[in-house]
Amino acid sequence: MKLSTLRIVALLLLCLAGALFVVSRVVTLTTMRWFERDLALRAQLAIAGARSSLIEHADEPARIKALFEAITHDERILAVALCDAHGDVLVASRDYPKNLHGPSLGVELGDEISHRIVDADEHQIQISAVPLATSGTATHALVVHDLSFVLRRQDVVDRFLLTLFVAFAVCGILALLIGSRLSFRAWTARLRSYVRGETKEPRFRPLLQDLRALSRSIGDQRSSAAGVPWTPARLKQLLRTELMGERLVVIANREPYMHVRSDDGTVRVLHPASGLVTALEPVMRACSGVWIAHGSGNADRESVDASDHVQVPPDKPQYTLRRLWLNAEEEKGYYYGFANEGLWPLCHIAHVRPTFRQSDFEHYRAVNRRFADAVVAEAGSDDPIVLVQDYHFALAPRMIRERLPKASIITFWHIPWPNAERMGICPWARELLDGMLGSSILGFHTRQHCNNFLESADRYLESRIDRETQGVEQGGNICLVRPYPISIEWPLRWPNEAPTPTECRRVVFERLGLPAHAKLGVGVDRLDYTKGILERFHAVERALDRYPELRGVLCFAQLSAPSRSLIGEYQDFDRRVLAEAERINARYATDAYRPILMLRAHHEQPAVLTHYRAADFCFVSSLHDGMNLVAKEFVASREDERGVLILSSFTGASKELSEALVVNPYDVERCADAIALAVSMPEDEQRARMHALRSIVAEFNVYAWAGRMLADAARLRWHERIADRLSPFPRP
Ligand code: G6P
C-alpha cells in the first residue's frame, strides 16, 4: 500500500474511532438516565405496595423489618429503611449500608421522590427516598437498588458498538481502496487523453507546459545527434533556455591565466600547459560564470580585486577567475603529494608506484573543503550548476552536495579510472568513491573508464548499480556515470591572423636550423612519465637504425614543458629524457644534423600551433592517457590536410581517431615502422586520412562535450522538478 493510501486509511480509522467514542458516551449517559428514573419509579411502586402496612405497624419495628426483608426478595432491591426528616435511620433491613444515614445520606428529603448514585465497595448502588406523607416520626422510606445489572447491559452495548466499528472499518477501507484505484485509473486516462490533445481540461495546463519544455530539451538532444554543429553560440543558448541562465561555477586546480613576474620585473600572463585548461577555457568563454582555481603564479595576488577575482581573458574579459590561495604546506600535501604522487600514478598504468601518506590525504581533504566553501560563496543561488574538474577534487562533490542539496554537480575526471582491483591500493578508496558520488553526473572520457568506476563503486561501497541507466544509487542520491569524450575548440583560435603552414614551416625550420629536405616530427608534452617520451625517442633511434635513408633527414622536435618539478619521480624522468636524447644524438648527430631536438621550456599556444603546422608528423606515444588533446590539436591545426598523426592505442583519443597510425608505444619496432611510413606517406593518403580526422574533431568539439553534459544536467533537473509535481508517477 502506498504512503498516501496509508494516510487516508489511518484518517478513516481515526474518524470511525472518534465516532464510536462519541456514540458510546451518548448511549451510556442516556441509558443511565433511563435506568435511574426507572429504578426510582420501582422504589416508589414497592413502597406504595407496602404503605398501608407501614402506617399500620409504624410502632412495631420487628414487623416493619420483616416487611422490608420481604421487599428485598426483589433481586435488584438490596435494602430498605425508614428515616426521619433529618435522614436518621429508624428501622432498616439487614443489608442496609451503615454509612447511609443522617447528613451522609445525600438525598433530598422533600415531598417528591429523589435519588442519588453512590459508589459502594465493588459496585454502584442507587438510593431512592420515597416520601411517606404520614404524621409519624418516619417521613421517608429509603430503597437501595443494585446498579451492577446496568453496567452489565452497558458492557453488552459497548461490545456491540465495537463490532459495528470493526465491520464499518473493514468495509470502509475496502471501499476506499477500490474507489481510489478506480478513480486513479479514470484520472490517468483523462490525463493521457489530455496530453494526446483529445480533451481539454484547464487543471492539467501547468503540467502540459512542463512536458513541452521537457520535450524541447529532448528535441535539443536529438538535433545534436542529427549533426547540427556545436558552437559557442549554441552552448550559450542551451544554458539560457534549458538551464534558465543559471550561473556556471567551475572548480579546477589549474588556473587558465597565470600572472608571473619575469626577471626584468614585468608581469606576464602565461597560459599553463594543461589539457584541462585547453578544453575548459573556450567553454567558459562561451558560457561565462566563475572558475575557481589555485592562484599559483608569483604575481597572481597583485592582479586580483578584494574578492580575489580577476576578469579574464585579460584582453577581452568574458568570465571571472576566482583565485584561492594555498600555503606551501597545503600545496605540498594536496597537489604534489596526494594528487600527483598518489592518484596520478594510481590512475595511469605507467609502472610508477603510487605513494600514499596520511598527512597528504588530510591536506587533500582540507583543500577540497576550502574549494567547496568557495563554490558555496560564489554560487549565488541554491541550485547552481557546478562543474568539478579532475582528480584534485574527488571529495568536493559530496561536500558541495551537503551544503547545496539542489545543485546540479557535474564532475569530470580527466584522467583514466583504474580497474577495481587497482583502486583497492588506495587506503581511502571508499572515501574517494563516496565523495565523487555526491555528483549528479560523473563523466569520464571512455566507456571503459565508466565501467571501471562502476565496478569500483560496486566492490567498495554499499550502493546499487543500474547498468541500464549507467547510474549509481547511494543513500537516496542517484549519480549518472557516463562517457563524454573531451575535445578542443573548433576552429582553433589564433591570437592574431594564423600564419599559413608554409610560413610556419619556414619559421620553424629556420629556428631549428633544419635543411629544406628534412622530415620533421613533433612531440608536445609536459615532462611526465605517462607520456611515453622515452619510448618515442627509442622509436626514432630504431627508425634510424633500420632505415638508413632517414639518417640526416629525420628530425624529431620534442617541445616539453617542465612539470611538477618538486616531485622526485619527475626530476628523475626529466634527467632521463635529456640523457636519452643526448645518447641518441651522440650516435647519429653530425656537424649539421641532430636527430632529436629537445626544446625543454614552456611554449605558449601560438608557438605550439606553429610547430604542428610545420611538421610532417606528430607522435603521441602516451603509455596511458585519459584522452590526449595534443592529438586533436595537431589535427585541428592542419587546415592544409597534410601531416600524419602517430597515436598510441593507450590514449582515449585513439578510440575516436582511427584514421591515425595507431601504435603500441611499447612495441619499438612497429613504432619505428610507423615513423618510416609517416615520412614517406603519399600526399593523397595524408589528405584522405587528415580529412577524416578533421571531420571527427570538428563534429565532436569541446562545445559538444560541454553541451552534452549540460543537456544531461538540464534533463535531470526537469525530471526532478516534474517528479516533484507528479509524485504518483514513477520517476522516468
Ligand atoms: C592533466 C590533468 C590536468 C592538469 C594537467 C597539467 O591534463 O588532467 O588536471 O591540469 O595534467 O598538470 P598540472 O599539474 O600542471 O596542472
Side-chain angles (χ1 to χ4, degrees), residues 250-258 260 270-281 283-284 291-297 300 321 323-324 326 330-348 350 352 360 364 367-368 371 387-394 396 411-418 436 443-446 449 484-488 524-533 559-567 569-571 573-574 601-605 608 620 622-633 648 650-653 702 705:
V250 172
I251 55 172
N253 173 71
R254 185 57 69 200
E255 56 183 344
Y257 298 92
M258 210 179 202
V260 179
L270 289 190
H271 305 84
S274 153
L276 178 154
V277 171
T278 306
L280 207 61
E281 213 274 331
V283 172
M284 286 306 280
W291 178 327
I292 307 170
H294 169 210
S296 52
D300 273 355
L321 170 60
R323 285 178 173 146
L324 202 132
L326 301 179
E330 282 173 324
E331 192 181 359
K332 187 162 175 276
Y334 141 81
Y335 171 76
Y336 288 107
F338 191 71
N340 285 316
E341 286 187 273
L343 288 180
W344 181 268
L346 177 76
C347 293
H348 289 94
V352 170
D360 288 350
Y364 183 84
V367 171
N368 269 246
F371 272 86
L387 303 185
V388 178
Q389 301 297 307
D390 227 352
Y391 61 101
H392 308 92
F393 299 115
T411 299
F412 192 78
W413 195 261
H414 289 253
I415 63 175
W417 186 270
M436 291 171 76
F444 293 93
H445 293 298
T446 67
H449 300 158
Y484 300 97
I486 206 166
S487 194
I488 54 167
V524 179
D525 311 84
R526 287 178 304 101
L527 269 167
D528 192 297
Y529 52 79
T530 61
K531 299 297 180 184
I533 300 172
L559 281 64
S560 284
S563 178
R564 306 173 190 166
S565 338
L566 290 194
I567 299 174
E569 195 72 44
Y570 282 77
Q571 293 163 2
F573 183 70
D574 192 353
H602 171 81
H603 291 82
E604 282 290 306
Q605 186 73 342
V608 173
V620 173
S622 306
L623 303 181
H624 201 192
D625 217 331
M627 173 55 70
N628 192 289
L629 293 183
V630 165
K632 291 190 175 179
E633 278 187 327
S648 158
F650 303 123
T651 59
V702 79
W705 171 75

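The figures here come from the full heavy-atom set of this structure, side chains too, leaving out hydrogens, waters and symmetry mates. Every number for a ligand or one of its atoms is a count from 1 in the order of the listing. Along the sequence shown, residues are numbered consecutively beginning with 1. Note that the structure is predicted; figures quoted are calculated from it, not measured.
- Counting only heavy atoms of the protein, atom 3 (C) of ligand 1 lies nearest to Asp390 OD2, 3.2 Å.
- Under the ring pair (Phe, Tyr, Trp, His ring centres under 6.0 Å) test applied with Phe393, the options Phe371, Tyr335, Trp413 reduce to a single match, Phe371.
- In this structure, Tyr570 and Tyr529 have tilted ring planes: the angle between them lies in the 30° to 60° band.
- Looking from atom 14 (O) of ligand 1 to the surrounding protein, the closest heavy atom is Tyr335 OH, 2.5 Å.
- Of all protein heavy atoms, the one lying nearest to atom 15 (O) of ligand 1 is Arg254 NH2, 3.1 Å.
- Evaluated for a side chain to side chain donor-acceptor pair (under 3.5 Å) with His271, the options His602, Glu604, Gln605 yield exactly one hit, Glu604.
- If you run side-chain contact (heavy atoms from CB on, under 4.5 Å) between Asp390 and each of Asn253, Thr411, Leu343, Leu276, only Leu276 comes through.
- When side chains are defined from C-beta on, Arg526 does not count as touching Ser274, because their heavy atoms never get closer than 4.5 Å.
- The shortest N/O to N/O separation between Ser274 and ligand 1 falls below 3.5 Å.
- Glu255 has its side chain within reach of Asp300: a pair of non-hydrogen atoms, C-beta onward, lies under 4.5 Å apart.
- Annotation: atom 12 (O) of ligand 1 to nearest protein heavy atom, Arg564 NH2, 2.9 Å.
- At under 3.5 Å, not a single nitrogen or oxygen of Ser563, backbone or side chain, sits near a nitrogen or oxygen of ligand 1.
- With a 4.5 Å cut-off on side-chain heavy atoms, His414 and Tyr391 do not count as touching.
- Scanning the protein for heavy atoms near atom 7 (O) of ligand 1, the closest one is Gly275 N, 3.8 Å.
- Proximity of Ala273 to ligand 1, defined as any heavy-atom pair under 4.0 Å, is confined to the backbone N, CA, C and O atoms.
- Listed by number with element, the atoms of ligand 1 under 4.0 angstrom from any heavy atom of His414 are 8 (O).
- Ring pair Trp344/His348 is tilted by interplanar angle, where 30° to 60° counts as tilted.
- Interface atoms of ligand 1 facing His392, defined by a heavy-atom separation under 4.0 Å, are 9 (O).
- Scanning the protein heavy atoms around atom 6 (C) of ligand 1, the nearest turns out to be Arg526 NE, 3.4 Å.
- At a heavy-atom cutoff of 4.0 Å, ligand 1 is contacted by the side chain of Ile415 but not by its backbone.
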